[in-house]
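One structure is given here, and the rest of the page talks about it.
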There are 2 protein chains.
Amino acid sequence: MEIQGLPGKLLAELGPAIASGELAEGAVLRIEELETRFGVSRTVVREAVRILESMRLVASKRRVGITVQPRRDWDVFDPLVIRWRLAGADRPAQLRSLGSLRVAVEPAAAALAAQYASPDDCRELSSLAVELTVTARAADLTAFLRHDIAFHATVLRASGNEMFAHLGDTVGAVLTGRTEHKLMPHQPRAYAVQLHREVAEAICAGAPERAEQAMRTIVTGAMQELAAELG
Amino acid sequence: MEIQGLPGKLLAELGPAIASGELAEGAVLRIEELETRFGVSRTVVREAVRILESMRLVASKRRVGITVQPRRDWDVFDPLVIRWRLAGADRPAQLRSLGSLRVAVEPAAAALAAQYASPDDCRELSSLAVELTVTARAADLTAFLRHDIAFHATVLRASGNEMFAHLGDTVGAVLTGRTEHKLMPHQPRAYAVQLHREVAEAICAGAPERAEQAMRTIVTGAMQELAAELG
DNA sequence: TCGCGCCAAAGGTATGACTTATTCAAGACG
DNA sequence: CGTCTTGAATAAGTCATACCTTTGGCGCGA
């Protein structure tokens with residue numbers, strides 16, 4: 001868990017409960033209730049609630065209590081919120097949202113990377129592309145996933161845009177979830193691997209158009225698989 | 001300020017100070033120091049620090065204190081972080097990042113909106129397009145800005161993607177900043193207004209390609225103006 | 001029936017005591 | 001002389017309590 005100490009424990013309970021809808025919009029908590037329920041002091045409860053409040057999952061008002069806010073107010077870009085939603089009943093909706101976001105962002109990031117990638121980025125991408133090819137052939141899904149995550153994170157980072165770069169972890173979470181969930185029986189598709197090589201090559205060659213196009217094919221493909229899987 | 005009470009006051013001081021680099025990476029604060037500096041109790045200081053910690057602007061360690069974290073760790077999608085950076089020395093970098101993000105996201109959102117917009121969304125977009133035309137002609141920059149923000153927010157919302165929808169406020173902040181900063185002397189460009197009409201029309205007509213293309217022209221145009229202005 | 005004012009409930013703040021982790025340095029031992 | 005151990009000082013973390021402030025709702029009276 002990202003947040004440390006006792007407040008972290010509370011968050012680890014309350015966050016997922018809210019994200020999954022178990023604590024529905026409008027539900028009201030009271031500080032005292034949480035104190036006894038978790039056997040901690042007011043200090044701890046208040047700090048945890050403050051954090052939930054800063055994510056806009058809850059709002060606290062005098063004489064009323066701590067109220068769970070409607071979904072549309074949630075800070076859906078907060079990494080913890082994303083993780084909590086991915087872990088619960090909201091998982092399909094969250095995956096769809098993230099899928100669309102990837103379709104929008106990753107091709108743009110690839111294009112920028114083709115313009116701004118450093119020699120080191122380029123080396124890393126080439127190396128990762130090779131690893132992807134090898135591990136795919138060997139049907140080593142664990143290693144493949146690790147390199148796949150690193151590949152996408154590297155492209156996002158190489159774009160030079162800090163906001164894109166920060167989506168690396170989130171994309172990683174999506175990829176991890178996909179592998180775990182489908183428990184992919186067969187090895188990754190050769191075509192997808194080929195596209196990753198194409199992206200790496202285009203970026204290293206400084207060809208934004210090609211990089212963008214190849215990346216777009218990757219993420220729209222992922223989006224379609226996702227749509228098929230979720231119905 | 002988004003966060004209420006005394007902790008909000010602290011955040012309003014500390015957030016911008018960190019975002020602007022005034023409190024540089026590695027700078028150390030102590031709770032007691034903040035207590036006396038702001039004349040508040042530990043409770044308040046701790047809650048404020050917890051929030052900064054959840055944004056990853058600082059990390060707090062025993063026997064060390066509260067340390068300002070390196071930029072790359074910051075939660076750059078947090079609305080408050082964005083606002084603080086826009087208000088300070090990081091403004092150009094933040095604008096560039098947001099510009100790229102808009103170029104990536106808004107065309108995709110427009111395409112999705114063309115598929116999923118409700119009749120109400122469509123009505124609103126058409127109405128806003130008219131308002132844009134009128135206020136542009138009248139050179140009423142305040143009203144124009146208000147409608148421009150509403151227009152982009154509506155497109156993002158109509159995409160049906162909650163994550164896109166949440167970027168509405170941020171885009172609004174960028175547009176506001178642009179108007180205030182340049183203190184636009186002349187009326188908005190007729191060409192840009194025309195493009196907004198085109199977007200509204202394409203969305204209402206259910207034409208994703210056209211909507212996406214028109215929106216892309218708008219945001220890349222904005223990006224170029226931005227690049228020109230920032231050098 | 002409507003409006004005004006009072007009260008109680010719940011969060012917000014302040015404070016002091018105590019706990020725990022961590023760094024740094026002094027001292028012991030090889 | 002260097003390294004390892006141990007201990008003390010420091011600063012955050014937690015707890016319990018008291019008190020302040022806001023505000024929603026109830027009851028009283030017009």
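Below, read A as the first sequence line, B as the second, and so on, with proteins coming before strands; counting in each chain starts at 1. Owing to the predicted nature of the structure, the values given are computational and were not obtained by experimental measurement.
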Nucleotide range of DNA chain C lying under 4.0 Å from chain A heavy atoms:
C/dA8 to C/dT13

N/O contacts under 3.5 Å, protein versus nucleotides 19-22 of chain D?
unit_1	atom_1	unit_2	atom_2	d
D/dT21	O2	A/Arg62	NE	3.4
D/dT22	O4'	A/Arg62	NH1	3.1

Contact between A/Thr179 and A/Asp148 at the side-chain level, heavy atoms closer than 4.5 Å - yes or no?
no

Is there a side-chain contact between A/Lys61 and the phosphate of D/dG24, meaning an N or O under 4.0 Å from OP1 or OP2?
yes

Nearest heavy-atom pair of A/Asn161 and B/Ser100: which atoms, and what distance?
ND2-CB, 3.1 Å

In terms of ring plane angle, is the pair B/His152 and B/His196 parallel, tilted or perpendicular, where the classes change at 30° and 60°?
perpendicular

More than 12 heavy atoms of other residues, nucleotides or ligands under 6.0 Å from CD of A/Glu33: is that the case?
yes

Side chain of B/Ser60, heavy atoms from C-beta onward: which of D/dC15, D/dG24, D/dG13 has the nearest atom to it?
D/dG13

A/Glu47 bridged to A/Arg50 by N-O distance under 4.0 Å:
no

Separation of D/dT17 C1' from A/Ile31 CD1 (nearest whole Å):
15 Å

Nearest-Å distance for atom pair CG/P, residues A/Leu10 and D/dG13:
15 Å

Return whichever of B/Gly39 or A/Arg30 has its heavy-atom-nearest nucleotide of DNA chain C closer to the 5' end.
A/Arg30

If you count heavy atoms of other groups shown closer than 6.0 angstrom to OH of B/Tyr116, is the number above 12?
no

Expressed in angstrom and rounded to an integer, what is the separation of A/Ile3 atom CD1 from D/dG13 atom P?
12 Å

Decide, yes or no, whether a salt bridge links A/Glu229 with A/Arg178 under the criterion of side-chain N to carboxylate O below 4.0 Å.
no

How close or far is atom C1' of D/dT14 from atom CZ of A/Arg46, stated in whole angstroms?
15 Å

Quick one: A/Glu32 CD to D/dA18 P, roughly how many Å, whole number?
14 Å

D/dG13 P sits how many Å from A/Lys9 NZ, rounded?
15 Å

A side-chain contact here means heavy atoms from C-beta on lying under 4.5 Å apart; do B/Arg102 and B/Leu175 qualify?
yes

Is it true that, when you exclude A/Glu32 itself, more than 12 heavy atoms of the residues, nucleotides or ligands shown sit nearer than 6.0 Å to its CD?
no

Return the value, rounded to whole Å, for the distance between atom CG of A/Leu34 and atom P of D/dC15.
14 Å

For A/Ser41 and for B/Leu29, locate the closest nucleotide of DNA chain D by heavy-atom distance; then report the residue assigned to the nucleotide nearer the 5' terminus.
B/Leu29

